[in-house]
Structures are given as structure tokens and as C-alpha cells.
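Shown next, in C-alpha cells, is the structure this report addresses.
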Amino acid sequence: MNTTESVIEFLGNVPLLQRLPSSSLKRIAELVVFKRYEKGDYVVREDQDVDGVYILLEGEAQVLGPYGEENCSEFLLKPSDFFGRGIFGNVYSADVVAASKLTCLLLMSDHCDLLETKSIWDSNKEHDTQCLVERLLYMEPLDLNLFRGFTLPNAPTFGKVFGGQFIGQALAAASKTVEIEKIVHNLHSYFLLVGDLNIPIIYEVNRLREGNNFATRRVDARQKGKTIFTLFASFQREQQGFIHQESTMPLMPAPETLISRDEMLERRITDPLLPRDYRNKFATVNIAPYPIDIRFCEPTYHTEHTKAPPRLKYWFRSKEKLSDDPALHRCVVAFASDLIFACISLNPHRKKSMSSAALSLDHSMWFHRPLRADDWLLFVMVSPTAYQSRGFATGEMFNRKGELVVSLTQECLLKEAVTIKPVFGAKL
């Protein structure tokens with residue numbers, strides 16, 4: 001198989017490459033280098049500098065190391081499988097040895113940019129003066145207390161309207177009915193029904209209190225005549241008062257030294273210490289990037305099928321510069337706060353061959369100090385308990401000076417997906 005046409009045909013069946021256009025496949029086929037090994041030869045060594053991405057053409061290879069030794073079948077690479085750099089640094093994460101006579105195609109590191117799919121952050125940038133997260137939170141006024149929000153095609157979704165979108169949009173609607181000098185200091189929200197991605201959301205603001213220093217709003221989000229989400233928010237005029245802080249920001253690596261979530265996801269696809277089937281499946285999924293830059297402080301090899309501690313720490317900020325409106329920055333932080341929060345309650349209960357989901361039931365936030373959503377914030381979260389299918393999580397957000405700017409709580413429904421025969425009629 002040394003002709004370009006036959007190589008292109010083979011590459012079209014490689015999971016890593018199935019999301020690429022045919023023009024990229026043709027270019028890759030012209031650039032790959034054939035590498036041949038005898039049984040027992042090392043293809044790469046652990047901690048060796050990465051020279052590119054290897055794609056198995058003929059034969060088999062075995063991934064060695066602490067993870068590969070636990071279940072050899074999941075780490076036995078076959079034709080169309082692939083591996084490259086690991087999630088930690090620009091090195092290979094494990095030894096890979098030829099388990100038979102082996103032929104690989106090597107795409108050198110200088111050409112690995114061909115594996116990247118076009119991001120929404122690169123498209124039409126010159127035409128968009130407003131950043132994506134601001135457009136996601138835009139509220140179209142319909143009446144004095146009535147607004148309409150939309151789910152954009154490139155918005156984060158999980159098969160339904162994302163919970164953070166509800167929180168951010170409802171808070172944006174409430175903020176538009178309050179004097180500009182009053183800023184939200186806490187909110188409490190309840191998720192009632194699943195939101196439909198394909199139709200607008202109507203937000204009705206109820207003015208519950210209008211005091212000199214405080215204002216209170218209730219926002220009901222509706223679709224198809226039903227209330228699907230409710231938010232209560234309290235706003236306060238800036239006042240001088242007592243100050244103290246007992247919470248201490250944990251010592252974590254600076255965000256500039258960490259890789260982004262987007263890059264981490266790409267690295268997980270090529271890291272041979274993650275199971276082959278997991279990487280093949282992950283490679284074929286088109287995951288839209290978040291408008292929020294997330295950088296995990298302690299990257300791990302855990303997947304949705306392996307147990308992990310019920311805690312997480314990461315830095316985050318808007319990927320684009322925001323305008324200076326303090327209300328906008330709190331809406332963006334509210335939007336971002338629900339991206340991963342519920343998932344940590346599931347971590348201790350994950351296992352192989354089990355599909356599970358965490359569905360937000362309620363979400364509360366207290367804004368303690370001024371903040372900017374386009375500057376780095378450290379989100380420290382933990383799930384102290386789960387019981388009767390409900391997981392509970394608490395969180396703290398710190399700015400880079402170590403000041404506690406936000407506290408959070410969330411309760412979520414933890415569900416294990418089971419295969420059952422379809423039953424027509426009521427679901428409950």
C-alpha cells in the first residue's frame with residue numbers, strides 16, 4: 001500500500017481522521033512516512049520527545065505502563081488505531097512495543113496542524129464585533145418586563161438547553177429591570193423542565209421588591225406555555241461595611257502554565273495511556289468548543305467510565321475580551337458556573353459499561369466582591385455527599401489575588417442509563 005490513492009482510502013477509515021475534509025486526507029497521505037518494526041521492537045519510549053502521530057497500517061502494537069498492564073486488550077493497538085503525545089507535556093506517555101511485524105504511518109509533528117478541525121473562533125471573526133458569550137446572553141426586549149432569548153447554533157448544549165444558559169440569560173433579563181447602580185449579590189434558581197434547543201425562550205421578570213438599597217426579581221423562563229426554569233435574584237447598591245475572609249485559595253499552578261480544555265481534549269485522543277475504544281469513539285465526536293477558556297489544575301486519565309474523587313479545580317475566563325458592564329461579567333460567570341459543576345457528584349460512582357448523567361435541580365450563587373469574567377478565576381468545587389439519587393456540590397471562586405469572589409451550591413439528579421423495552425404512555 002504505497003500509492004497515494006490507497007493510503008487515502010485507508011486513512012478515510014481511521015477514526016482520528018474521519019472529521020477532516022478530503023483535502024486534508026490527501027495532504028496527509030502525501031506527507032506520512034512509512035515506519036516498519038519487527039516483533040519486540042520499541043515504536044516509542046515513555047518520556048521520549050514527540051516526533052508526530054503514529055497510525056497503525058499493518059500488524060499490532062502493545063501499550064505498556066501502569067494503565068496498559070491492567071487490561072491488555074484495551075491497550076492492544078490494531079490497524080487504524082493511532083497514538084501521539086500524552087496529556088502531560090510534549091512527550092509520549094508510555095512505551096509502545098510491536099506485538100507482531102508492524103508497519104506504521106508517521107505524520108511528523110511539523111504537519112500535525114492538519115489534524116485540527118476549524119474552530120468557531122476562527123470563522124467570521126472580522127464580522128463579529130460582539131463576542132460569542134455576549135451574543136449567547138443577549139435578551140431581546142418584547143415588553144417592559146418581557147424578554148426573548150435564543151440558543152445559538154454554536155452554543156454549548158448537551159442535547160437540551162444548557163443550564164448555565166438559563167441562569168445567565170435569566171440573570172441578564174433581571175438585570176435589565178434594575179437600576180444600573182444595583183448589582184446582583186445572590187441568586188437561587190430551579191430547573192423544572194428540559195428546554196427545547198430549537199425554539200426561543202421567553203423570560204418574564206417579576207419585580208418583587210424595589211427598595212433604596214436592594215431590589216429583588218423573580219424570572220420565569222417559558223417554552224410552549226410552560227414554565228421550565230425559575231430564578232430569584234437580589235440586587236444591592238454599593239455600600240461600605242465590614243470585611244473579612246476565612247476561605248483560603250489553594251496553591252495551584254498559574255493558568256498560563258496549563259493547557260486549555262480544548263487542547264486537553266485533543267491530547268486525550270492521541271494519548272496511548274487512555275483505552276483504545278475510548279479514544280476511537282472520542283475522535284469521531286465533533287465537540288463544539290466552549291466560549292469559556294478552562295484550564296484544569298490537575299489533569300488525570302479518568303474517563304466517564306472510571307471512578308474519580310468528587311472534587312475539581314480549574315481556572316477559567318471568557319475567551320474574548322468583554323465590555324466593562326459589571327452586570328455582564330456576573331452573567332458570564334453565572335453562565336460558566338454550570339459547565340462542569342454537576343458532574344463531580346458522579347465521579348465516585350462511574351464504572352465501565354455504565355452510562356450516567358447528572359441533571360441540575362437547583363443552583364445558587366453569592367457574589368461577594370467585584371470580578372471580571374475575562375480575567376482568570378479559580379473554581380474550587382467538591383461534592384461532600386450524594387444520597388437517594390441526589391448529588392450535592394459546593395464551590396468557591398477566587399481571583400488571582402486570592403480574594404473569594406463567589407460562593408456556590410448545587411443539587412443535581414444522578415441517573416444511571418439502563419436499556420429497557422420501550423413502553424408507550426406515561427414515563428413515570
Side-chain angles (χ1 to χ4, degrees), residues 129-141 144-145 147 149 164-189 203 205 207-219 231-245 247 249 255 290-294 315-339 341 363-380 395-409:
T129 56
Q130 190 181 46
C131 73
L132 174 60
V133 72
E134 289 192 54
R135 287 186 281 121
L136 288 170
L137 298 175
Y138 171 73
M139 291 285 95
E140 178 187 0
L144 184 63
N145 299 311
F147 302 86
Q165 177 180 323
F166 277 131
I167 302 169
Q169 288 183 340
L171 181 58
S175 300
K176 290 181 178 296
T177 69
V178 177
E179 298 173 71
I180 193 171
E181 294 84 5
K182 294 175 182 174
I183 302 296
V184 64
H185 67 92
N186 72 53
L187 64 84
H188 306 273
S189 58
Y203 293 90
V205 180
R207 305 182 185 224
L208 302 183
R209 175 172 61 169
E210 199 70 78
N212 290 330
N213 293 312
F214 288 87
T216 307
R217 300 290 187 264
R218 187 187 82 228
V219 184
L231 175 139
F232 293 86
S234 181
F235 299 77
Q236 182 188 19
R237 193 185 305 275
E238 184 177 352
Q239 293 177 284
Q240 298 300 314
F242 302 111
I243 299 175
H244 80 272
Q245 177 177 319
S247 294
M249 182 175 76
Y290 292 162
I292 305 298
D293 188 353
I294 292 176
W315 294 96
F316 77 96
R317 68 177 179 183
S318 168
K319 284 184 174 176
E320 299 175 279
K321 188 72 173 177
L322 303 174
S323 58
D324 291 330
D325 182 1
L328 170 65
H329 286 264
R330 300 194 178 202
C331 289
V332 172
V333 169
F335 170 89
S337 67
D338 194 40
L339 285 168
F341 203 14
H363 189 102
S364 298
M365 303 180 69
W366 292 263
F367 297 87
H368 306 303
R369 292 173 174 81
L371 55 79
R372 288 195 66 93
D374 53 7
D375 197 3
W376 291 110
L377 298 173
L378 179 65
F379 195 173
V380 180
E396 295 180 320
M397 294 180 181
F398 299 88
N399 62 22
R400 299 198 66 164
K401 295 186 290 185
E403 296 173 326
L404 180 65
V405 293
V406 183
S407 297
L408 311 89
T409 63

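In this text the structure is predicted, and so the values were computed from the model without any measurement.
Going from atom CD of Q245 over to atom CG of L404 covers 5.0 Å, rounded to the nearest 0.5 Å. D375 CG to H329 NE2: the interatomic distance, rounded to the nearest 0.5 Å, is 10.0 Å. For the atom pair CG (N213) and CD (E181), the distance works out to 11.5 Å, reported to the nearest 0.5 Å. Atom CZ of residue R209 and atom CZ of residue F235 lie 11.5 Å apart, to the nearest 0.5 angstrom. Residue L137 holds its CG atom at 7.5 Å from CE of M139, rounded to the nearest 0.5 Å. Note: R207 CZ to T216 OG1 = 12.5 Å, rounded to the nearest 0.5 Å.
Pairing each heavy atom of I167 with each of A334, the nearest pair is CG2-CB, 3.7 Å. Of all non-hydrogen atoms in M249 and L378, the two that sit nearest each other are CG-CD2, 3.5 Å.
Side-chain contact check for N212 versus R237: every heavy-atom pair is 4.5 Å or farther apart. Taking the side chain as every heavy atom from C-beta outward, V219 and L171 never approach each other to under 4.5 Å. Using a 4.5 Å heavy-atom cutoff, the side chains of K176 and V205 are not in contact. Taking the side chain as every heavy atom from C-beta outward, N399 and L371 never approach each other to under 4.5 Å. You'll find the side chain of R400 reaches within 4.5 Å of the side chain of W315, heavy atoms only. By the 4.5 Å heavy-atom criterion applied to side chains, D293 and W376 are counted as neighbours. Side-chain contact between N186 and S364: absent, with no pair of heavy atoms (C-beta onward) separated by less than 4.5 Å. Side-chain atoms of F214 and Q239, non-hydrogen and from C-beta on, do get closer than 4.5 Å to each other.
Residues passing the salt bridge (Lys or Arg N to Asp or Glu O under 4.0 Å) test with R217 are E210, sequence neighbours excluded. Not counting sequence neighbours, E238 has no partner by the salt bridge (Lys or Arg N to Asp or Glu O under 4.0 Å) test.
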side-chain contact (heavy atoms from CB on, under 4.5 Å) between V184 and V178, intermediate numbers included: CA-CA 9 Å; V184 64; V178 177; over 6 Å; no

Audit row: F147, T177, side-chain contact (heavy atoms from CB on, under 4.5 Å) steps and yes/no: CA-CA 11 Å; F147 302 86; T177 69; 4.0 Å; yes

Trace of the side-chain contact (heavy atoms from CB on, under 4.5 Å) decision for F335 with I292: CA-CA 9 Å; F335 170 89; I292 305 298; 4.2 Å; yes

From CA spacing to verdict: side-chain contact (heavy atoms from CB on, under 4.5 Å), M397, S337: CA-CA 9 Å; M397 294 180 181; S337 67; 3.8 Å; yes

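At distances below 3.5 Å, not a single donor-acceptor pair connects side-chain atoms of Q165 with backbone N or O atoms of L136. Remark: the backbone N or O of V405 is not paired with any side-chain donor or acceptor of E403 at under 3.5 angstrom. Judged by distance alone, with hydrogens and angles left aside, the side-chain atoms of K319 form a donor-acceptor pair with the main-chain N or O of Y290 at under 3.5 Å. S318 contributes no side-chain N or O that, together with a main-chain N or O of A373, makes up a donor-acceptor pair within less than 3.5 Å. The closest donor-acceptor contact from the side chain of E320 to the backbone of L132 lies under 3.5 Å.
A donor-acceptor pair shorter than 3.5 Å can be found between the side chains of H185 and S234.
For residues 364-373, the set of pairs meeting the salt bridge (Lys or Arg N to Asp or Glu O under 4.0 Å) definition, not counting sequence neighbours, comprises D324-R372, R372-D374.
Using the six-membered ring where Trp is involved, F379 and F341 have ring planes that are tilted, between 30° and 60° apart.
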